[in-house]
Protein chains: 4
Amino acid sequence: MSVNKVILLGNVGKDPEVRYLDTGIAVATFPLATTDRAYTLANGTQVPERTEWHNLVLWRGLAETAEKYVHKGDKLYIEGKIRTRSYDDQTGAKRYITEIFVDNMEMLTPKSASSGVSSVQQPVTPAQPQQSPVTPIQNNPADDLPF
Amino acid sequence: MSVNKVILLGNVGKDPEVRYLDTGIAVATFPLATTDRAYTLANGTQVPERTEWHNLVLWRGLAETAEKYVHKGDKLYIEGKIRTRSYDDQTGAKRYITEIFVDNMEMLTPKSASSGVSSVQQPVTPAQPQQSPVTPIQNNPADDLPF
Amino acid sequence: MSVNKVILLGNVGKDPEVRYLDTGIAVATFPLATTDRAYTLANGTQVPERTEWHNLVLWRGLAETAEKYVHKGDKLYIEGKIRTRSYDDQTGAKRYITEIFVDNMEMLTPKSASSGVSSVQQPVTPAQPQQSPVTPIQNNPADDLPF
Amino acid sequence: MSVNKVILLGNVGKDPEVRYLDTGIAVATFPLATTDRAYTLANGTQVPERTEWHNLVLWRGLAETAEKYVHKGDKLYIEGKIRTRSYDDQTGAKRYITEIFVDNMEMLTPKSASSGVSSVQQPVTPAQPQQSPVTPIQNNPADDLPF
DNA sequence: TTTT
DNA sequence: TTTT
């Protein structure tokens, strides 16, 4: 009795960070930017262009595809769902972060135009990803639930 | 060259809070819940039902419609866009909150079944809304931009 | 590199017709109505309300769920894809029909309010469904492809 | 109480045909192709790739933008609604055609890569468009309704 | 803080 | 052929 659906078409902000759970399941995370067009209101006010950053999370096969084929700057279409999770910051205070769990992905950048080469030269290290302070992924038991 | 689209169908968590900018523009906010079904993984793991709360923000005519017709418990379909904004908490630290700017709304609860009456008995006061500590709306100049 | 996605929220026009392929796979079909609101143009022209009828097609588990729980008059949310197929009419001329292949369905009519009882009294016969002249389903080999 | 929403991402099949109503309103039509990936069923059956053609209809500003910037082969994202209309064929029999009324469009082909030049060499004639027998547009009064 |  |  419920729908939670997100459709985004934008540009990849960084090469995906991919890590593997003990169960072998891949998880990829990377930011995607969407930009609203600037426009002018009826009263003449200029509303400038505005970029929104979305924290994408991909699991399993999609994460592996992202690891191989998605690069910074690529244009991407995704469908997914919104999910807000909490974590404790350095001071022990509860913080929230909203992420997009991706369940469908279409790559819109032709292979030839992707910055794939540079990514091979500076490979992501799946074994020990540095966790961004902005989007910490805690090592709690739920991490091993493959959803 | 960009798409940022959200589609939600869920239940209203609280009666809308509505305030009016100096320009007379109405802004309504209220939470919407979507609930994933519980399911069982191939390996037998039970993934329980999970409720996600979305912070909806409506402007102008939609806000006025929400003020009149939307009530706690109602089932609602909305389309909108994701927007994350920052604010400073009590300690001066930067915090982020993700909201859904609604641009289309369909009310799915028949008028007869809506909890409209109780809302009349406990009216929201648009003049001096208490701002929730969880989702502070700052009085900065941008508040008067009618977007 | 392609997306074909439909989202509909409307009312079921007739109880589902369900048939079973030789392979045991269930296929359900029924019409869904969506209605545009009437509105007035800037120049004063009245654009009246307009109802659009969509031919839904459901396979497998979704078809079985529809057979059990979906009834004429129910409010339904679906996601699916557009598909146009051709068939030969009585005169041998090629005709086209556009259908919506459903891949997600949310029933929005509470069980208590559904017209389910009458449907039990006038059951659909899956064994020998009459095929509507408007939307003929041909017995070609592709019918046994479970997509 | 109703939603009729289509999201397509695919390739333009022909340069847009644009005509202008007596009121000066522009209407553009062109086909868009979406292609399902081929896949293999659990039982080993190969389901081949399949292309779906959608009849897009754009009005007013969107039609003018399409006239200037959309070309055969371009990749396009659109949002719109499904609409089926009837017309009488040569024999006087009633036929149906399903079209997508576009209300949002994002062009995904970089200008430099678009086949824009050839379109200038073979311009569409807005004054007297030949009406395709497949998708006839009748000159009925409703044509002057700008919706 | 909602609903099934 | 549905619903408001």
Side-chain angles (χ1 to χ4, degrees), chain A residues 1-4 84 86 96, chain B residues 8-17 29-39 48-56 65-66 69-78 99-100 105-115 118-119 122 124 132-135, chain C residues 8-17 29-39 48-56 65-66 69-78 100 105-115 118-119 122 124 130 132-135, chain D residues 1-4 84 86 96:
Chain A
M1 303 277 277
S2 208
V3 174
N4 174 355
T84 299
S86 65
Y96 295 88
Chain B
L8 301 175
L9 199 166
N11 295 288
V12 174
K14 292 199 290 186
D15 281 356
E17 288 185 24
T29 57
F30 58 93
L32 188 81
T34 58
T35 304
D36 285 353
R37 264 189 280 265
Y39 60 95
E49 160 182 307
R50 188 177 187 284
T51 293
E52 192 67 37
W53 286 98
H54 309 272
N55 304 302
L56 304 194
T65 301
Y69 302 116
V70 172
H71 304 102
K72 174 175 170 174
D74 285 358
K75 194 170 281 295
L76 215 61
Y77 168 96
I78 66 99
E99 297 170 316
I100 309 300
M105 169 173 75
E106 299 286 332
M107 288 168 286
L108 304 175
T109 298
K111 258 181 214 169
S112 55
S114 175
S115 68
S118 73
S119 164
Q122 302 165 356
V124 175
S132 139
V134 178
T135 65
Chain C
L8 301 175
L9 198 166
N11 294 288
V12 175
K14 292 201 289 187
D15 280 356
E17 290 185 24
T29 58
F30 58 93
L32 187 81
T34 57
T35 304
D36 284 354
R37 264 187 282 263
Y39 61 96
E49 159 181 309
R50 187 177 187 284
T51 293
E52 191 68 38
W53 285 99
H54 310 273
N55 305 300
L56 303 194
T65 301
Y69 301 114
V70 172
H71 304 102
K72 174 175 170 173
D74 285 357
K75 194 169 280 295
L76 214 61
Y77 168 97
I78 66 98
I100 308 300
M105 171 173 74
E106 299 285 333
M107 289 169 285
L108 303 176
T109 298
K111 258 182 213 168
S112 56
S114 175
S115 68
S118 73
S119 165
Q122 300 165 358
V124 174
Q130 321 80 305
S132 140
V134 178
T135 65
Chain D
M1 303 277 278
S2 209
V3 175
N4 173 356
T84 299
S86 65
Y96 296 88

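Small disclaimer: the values here were computed from a predicted structure and weren't measured. Protein chains get the first letters and strands the later ones, always in sequence-line order, with residue 1 at the start of each.
- To the nearest 0.5 Å, the span separating OH on B/Tyr77 from CG on B/Leu9 amounts to 8.0 Å.
- Here the side chain of B/Pro31 is nearest to one of E/dT2, E/dT1, F/dT1, namely E/dT1.
- Computed from coordinates, the C/Leu76 CG to F/dT2 P distance equals 16 Å when rounded to whole Å.
- Under the rule for a side-chain contact (heavy atoms from CB on, under 4.5 Å), the partners of B/Asp74 that lie at least two apart in sequence or sit in another chain are B/Val12, B/His71, B/Thr109, B/Ser114.
- Contact annotation for C/Lys75: no contact, since no heavy-atom pair falls under 4.0 Å across all strands.
- With rounding to whole Å, B/Glu17 atom CD is found 14 Å from E/dT1 atom P.
- If you check F/dT4, E/dT1, E/dT4 against the side chain of A/Met1, the one that comes closest is E/dT4.
- What separates CD of B/Glu49 from P of E/dT4 is a distance of 11 Å, to the nearest Å.
- The nearest whole Å value for the distance from the CD atom in C/Glu106 to the P atom in E/dT3 is 17 Å.
- If you check E/dT4, F/dT3, E/dT1 against the side chain of C/Asn11, the one that comes closest is F/dT3.
- In this structure, B/Met107 atom CE and F/dT3 atom P are separated by 19 Å, rounded to whole Å.
- Taking atom NE2 on B/His54 and atom P on E/dT2, their separation rounds to 15 Å, with Å as the unit.
- Annotation: side-chain hydrogen bond (donor to acceptor under 3.5 Å, both in side chains) contacts of C/Glu49 (sequence neighbours excluded): none.
- In this entry the distance linking CG of B/Leu108 with P of E/dT4 reads 13 Å, nearest Å.
- Counting only heavy atoms from C-beta on, B/Thr35 has its side chain closest to E/dT2 among E/dT2, F/dT1, F/dT2.
- Of the candidate nucleotides F/dT2, E/dT3, E/dT1, F/dT2 has the atom lying nearest to any side-chain atom of C/Trp53.
- How far CE of C/Met107 is from CG of C/Leu76: 7.5 Å, rounded to the nearest 0.5 Å.
- In this structure, the side chain of C/Glu17 does not engage the main chain of C/Thr29 through any donor-acceptor pair within 3.5 Å.
- Nearest nucleotide to the C/Thr51 side chain, out of F/dT2, E/dT1, E/dT3: F/dT2.
- Regarding C/Ile100, its CD1 atom lies at a distance of 22 Å from the P atom of F/dT1, rounded to whole Å.
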